[in-house]
Amino acid sequence: MTHEEFPTEHPALVTCGLPYANGDLHVGHLRTYVSGDAFSRGLRRLGQDVAFVSGSDMHGTPIAVNAEKEGVSPEEFALRHHEQYEETFPRFNVDFDNYGHTHDETNVELTQAFVRAWEANDHVYEKEIQVAYDPDADQWLPDRYVEGECPYCGEHARGDECDEGCQRHLEPGDIVDPVSTLTGNPAEYREREHKFLRLSEFQEYLEGFINRLEGTSNAQNQPREWIEGELQDLCITRDMDWGIDYPDEEANGADDLVLYVWVDAPVEYVASSKQYSERVGDETYDWEEVWAEGDSEIVHVIGRDIIQHHTVFWPSMLKAADYNEPRAVCATGFVNLNGEAFSTSRNRAIWADEYLAEGFHPDLLRYYLATAAGFERDVNFSWERFQERVNTELADVVGNFVNRALLFAARNFDGTPDAELTDETETRIAAAMDDYEDALNDYDVRSAGETAVALARYGNEYIQNAAPWKLDDDEAAPVIRDCVQLVKAVAVLLQPITPEKAEDAWDQLGAEGRVADATVADCLQAPPETFPEPDGPLFEKIDDERVAELNEKLETRVAEATAGEDDEAANDETDDGTAAFEALADDRIDFGTFQDLDLRVGRIEGADEIEGADDLLRLSVDIGIETRQIVAGLKQLHDVADLPGTKVVVVANLEQAELFGVESDGMVLAAGEEADLLTTHGDAAPGTKIK
RNA sequence: AGCGGGUUGGGAUAGCCAGGAGAUUCCGCCGGGCUCAUAACCCGGAGAUCGGUAGUUCAAAUCUACCACCCGCUACCA
């Protein structure tokens, strides 16, 4: 089956993978939501009838476990995060038509209806499996409620995967010497009746599905291993309280079973679109038409870590309940920070709230995330690169062009000059419109965004070469007429990526209505005859000091988080992190700058702990001329008693500081997170200058 | 181990599915121009044996095989 191109006659649905209601959002998460939002806005520009929905994923073991740690109910815990997400997305101009959550009534009913349909179609069977059980707490222990020894490598492992050893996925019952994470008691295995969805029946269907699926190539290729191999049936129940009850449980004897979180999570796509229909009315948007009638125009935008769920489980679930299959799955790459993966536990991330608190406009980040690399490629985030792209692409190219064109037009013509659009510019804009449409049909948000920037670039080139400031009004009129048209087209084409900034440009142009309601055809519609001088450039530049400040903040924060970490966590990162070095500094320093450092050989004379500090030590260091008191973060990483007598390298002319109320006069150099102390190989005496 | 993705001028990034002339664009660098505009903008230039080897072909960044390195997935982390 090949799909007709967007825009289609049928309503489309764009969804974003459900954020798990278990923590704060960061820039990595936002990539998926910005991509989905930009794509759905892009479809609207094409005139496609489309709804954009998502919701919070409220169930599952991690939420139950974390809620318990906090001493609140899972519902309260998850709702708190849900509300936070619901507030955060609009602040990034991620405007869902409906944003629900998996614990709301619509989803519960729909999920149970799915399961009933599977039962009715004979896609479900029961099987006895071994499940860990805590006899003292009188409770079943699914997934991460149990820990023990990995049957493959013998390492300590969680119930669902060998997280410290061989990384293998573990089935319930695999773990050796299971221990309850609730009570620390030894757990025992008991036979337990569970429900399974016959995924294996859908093998042939899925092979066909994967070949007609549109979207990113990673989504089409990654699941082949499963689909073309042997598909395991999916255990769709868990022994928990927190979740959606297995429907009609008493009749089926499946009391106190809830549905596996990956059953009810994707159903939220259906539920959320249903809620939207109910709000706006069937005649405006008919969710049933999308899901169960006619051609399917369902596009799932997800992170690339959940491809299998959307290309194996979910289509099978839909097929088993006679729903439409997705037309496309678009899996975005990850976001790295300065070349390394985000690490939320080390606070090494750019948080959504933090970004906004720094006063940056959301559209800047949207632009960065949506156009930094192809959809499925990983994107590196750094404040330097952010600055570079904002300054050179948004401020210099787009902002400057819009400003100079409109300012010139307003000053000299009170608006759009009375002249015909030249063929050349018309052709150029028409080509951009075509490219734009093609890009969206290729699910290529990046290219779509680039057409707008390319048009602005062309505008700068054009106005520069035509130099209307050297011409009289009659000669300048057609040039400026073209430029105003280019501004209008830029506003329309950039709208999906930077919706607010595009709206600003639209307003400066004095165009009627909102660019959010415009379509690509408006790119060539005549701009208003008159408009005033623009009220300023669209984009401000970010200066170097600001970037330095942001990097410093990040480093400090990571250092603080790392200082509070236990050894185990620190080892996690360093053991396998051989390639994860910080990028080399771009800026070279001159020799004089180096000479400004007064580096000396020192010998640690004494080392005491500092009360209240997790890993700071008060050192007294003999640097020949005198003995200094230096505070250093070494406690976790070195045996305090062994330190005296160790020779170290000291920065002697570092400004003095106070850490935990203790004066520190200098710095002891050490390498990496493990604070591997620098020392001398020979017998250089304390006080010797290092050069 | 299996699977997926990647390796392209100093840095980043496109092109690969549908093989075809000087390999895209941005940053940076060198030289020039302009002054309407945000010290912006425009023009020109240097810089890449497209990770390696072998093959298919009149023709390979693109297709095939093998190899190296990097990232990820393997059924509950964007």
Side-chain angles (χ1 to χ4, degrees), chain A residues 16-20 22-23 25-33 57 59-63 142-144 158-161 166-171 199 216-226 228-229 231-232 234-235 238 260-262 265 302-309 312-313 331-336 341-342 344 349 371-374 376-378 380 384-385 388-389 391-393 395-397 399-409 411-412 446-447 450 453-454 457 459-470 476 480 483 534 536-541 579 583 586:
Chain A
C16 279
L18 272 44
Y20 196 55
N22 187 32
L25 294 173
H26 56 60
V27 167
H29 299 101
L30 285 174
R31 172 144 190 230
T32 304
Y33 302 103
D57 183 2
H59 299 131
T61 330
I63 284 175
D143 300 333
R144 292 187 193 173
R158 294 196 307 229
D160 53 353
E161 66 170 325
C166 60
Q167 304 292 323
R168 248 178 278 228
H169 167 76
L170 303 180
E171 288 294 320
L199 275 195
T216 53
S217 60
N218 52 357
Q220 292 151 8
N221 294 328
Q222 200 165 296
R224 287 187 195 277
E225 184 185 16
W226 289 13
E228 287 162 12
L231 274 175
Q232 300 169 28
L234 181 66
C235 180
R238 290 293 185 272
Y260 173 45
V261 63
W262 271 109
I302 58 172
R304 68 173 157 90
D305 55 330
I306 50 173
I307 288 174
Q308 260 82 348
H309 303 94
V312 181
F313 298 171
T332 62
F334 292 130
V335 178
N336 292 319
F342 278 40
T344 51
T371 61
E376 59 192 284
R377 300 283 297 263
D378 286 358
N380 189 41
E384 286 89 349
R385 185 82 178 125
E388 182 184 303
R389 300 203 61 219
N391 288 2
T392 64
E393 295 170 34
D396 292 347
V397 175
N400 181 45
F401 173 64
V402 169
N403 189 53
R404 75 197 291 202
L406 296 186
L407 194 58
F408 198 98
R411 278 185 189 159
N412 297 286
R446 176 181 192 270
S447 296
E450 277 186 344
V453 179
R457 254 185 244 286
N460 273 322
E461 189 184 317
Y462 179 59
I463 196 171
Q464 188 72 34
N465 293 335
W469 48 90
K470 288 181 179 170
I480 298 305
C483 287
L538 293 175
F539 299 100
E540 276 177 32
K541 294 209 197 191
D586 278 340

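Chain letters run A, B, ... following the sequence lines, proteins first and then strands; every chain starts at 1.
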Taking E461(A) first and then R457(A), would you say they form a salt bridge - that is, a charged N and a carboxylate O separated by under 4.0 Å? no
Nucleotide of G4(B), A12(B), C36(B) approaching N218(A) most closely (side-chain heavy atoms): G4(B)
NA contact type, W262(A), heavy-atom cut-off 4.0 Å: base, sugar-phosphate, or nothing? sugar-phosphate
Taking atom P of G72(B) as reference, at what distance in whole Å does atom CD of E225(A) sit? 17 Å
Using a heavy-atom cut-off of under 4.0 Å over every strand shown, decide if N400(A) touches base, sugar-phosphate, or nothing. base
Tell me which nucleotide, if any, is Watson-Crick or G-U wobble paired with A48(B) when both distances must be under 3.5 Å. none
Could you tell me whether Y20(A) contacts a base, only the sugar-phosphate backbone, or nothing, with contacts defined as non-hydrogen atoms closer than 4.0 Å? nothing
In Watson-Crick or G-U wobble terms, both distances under 3.5 Å, what is the partner of G4(B)? C71(B)
Could you state the CG-P distance from N380(A) to C27(B), rounded to the nearest angstrom? 19 Å
Using a 4.0 Å heavy-atom cut-off, does F401(A) contact any base of the nucleic acid, only the sugar-phosphate backbone, or nothing at all? nothing
With both distances under 3.5 Å as the test, what is the Watson-Crick or G-U wobble partner of G10(B)? C27(B)
If I take atom CZ in residue R377(A) and atom C1' in nucleotide C16(B), what distance separates them, rounded to the nearest angstrom? 12 Å
For C16(B), give the paired nucleotide (Watson-Crick: N1-N3 plus N6-O4 or O6-N4; G-U: N1-O2 and O6-N3; both under 3.5 Å), or none. none
N336(A) to N380(A) - nearest heavy-atom pair and separation: O-OD1, 3.4 Å
Answer yes or no: does atom CD of E540(A) have more than 12 heavy-atom neighbours from other residues, nucleotides or ligands under 6.0 Å? no
Any side-chain N or O of N221(A) below 4.0 angstrom from OP1/OP2 of G5(B)? yes
Looking for any heavy atom pair under 4.0 Å, which part of the strands does P468(A) touch: base, sugar-phosphate only, or nothing? nothing
Please classify the nucleic acid contact of A395(A) as base, sugar-phosphate, or nothing, using heavy-atom distances under 4.0 Å. base
E393(A) CD - A14(B) P separation (whole Å): 13 Å
5' precedence on RNA chain B between R457(A) and K541(A) (nearest-nucleotide basis): R457(A)
Regarding T61(A) and R238(A), do their side chains bring together a donor and an acceptor under 3.5 Å, going by distance alone? no
How many whole angstroms separate atom CD of Q222(A) from atom P of G2(B)? 16 Å
When all nucleic acid strands are considered with a 4.0 Å heavy-atom cut-off, which category describes G60(A): base, sugar-phosphate, or nothing? nothing
I want to confirm an ordering. Mapping L407(A) and G28(A) to their closest nucleotides on RNA chain B, which one lands closer to the 5' end? L407(A)
Can you tell me the distance, in whole Å, between the CD1 atom of I463(A) and the C1' atom of C42(B)? 11 Å
Could you state the CG-C1' distance from D378(A) to C70(B), rounded to the nearest angstrom? 11 Å
Between C73(B) (C1') and R304(A) (CZ): distance, integer Å: 8 Å
Which heavy atom in W226(A) sits nearest to a heavy atom in F313(A), and how many Å separate them? CZ3-CE2, 3.9 Å
Taking every heavy atom of T32(A) against every heavy atom of C16(A), the minimum-distance pair comes out as O-SG, 3.7 Å
In Watson-Crick or G-U wobble terms, both distances under 3.5 Å, what is the partner of U64(B)? A54(B)
Classify R224(A) by what it touches in the nucleic acid, base, sugar-phosphate, or nothing, heavy-atom distance under 4.0 Å. nothing
At 4.0 Å (heavy atoms only), tell me whether G536(A) reaches a base, stays on the sugar-phosphate, or touches nothing. nothing
Which is true for A372(A) with a 4.0 Å heavy-atom rule: it touches a base, it touches only sugar-phosphate, or it touches nothing? sugar-phosphate
Across the strands shown, which category fits L30(A) at heavy-atom distances under 4.0 angstrom: base, sugar-phosphate, nothing? nothing
Check if the side chain of Q464(A) and the base of C42(B) share a donor-acceptor pair of N or O atoms closer than 3.5 Å. no
Under 5.5 Å centre to centre and under 30° between planes: does that hold for F408(A) and the six-membered base ring of C36(B)? no
Measure across V312(A) and P223(A) and return the closest heavy-atom pair with its distance rounded to 0.1 Å. CG2-CB, 3.9 Å
Which nucleotide, in any strand shown, forms a Watson-Crick or G-U wobble pair with A39(B), with both distances under 3.5 Å? none
Just to be sure I understand the rule, does V335(A) reach a base, reach only the sugar-phosphate, or reach nothing, if contact means heavy atoms closer than 4.0 Å? base
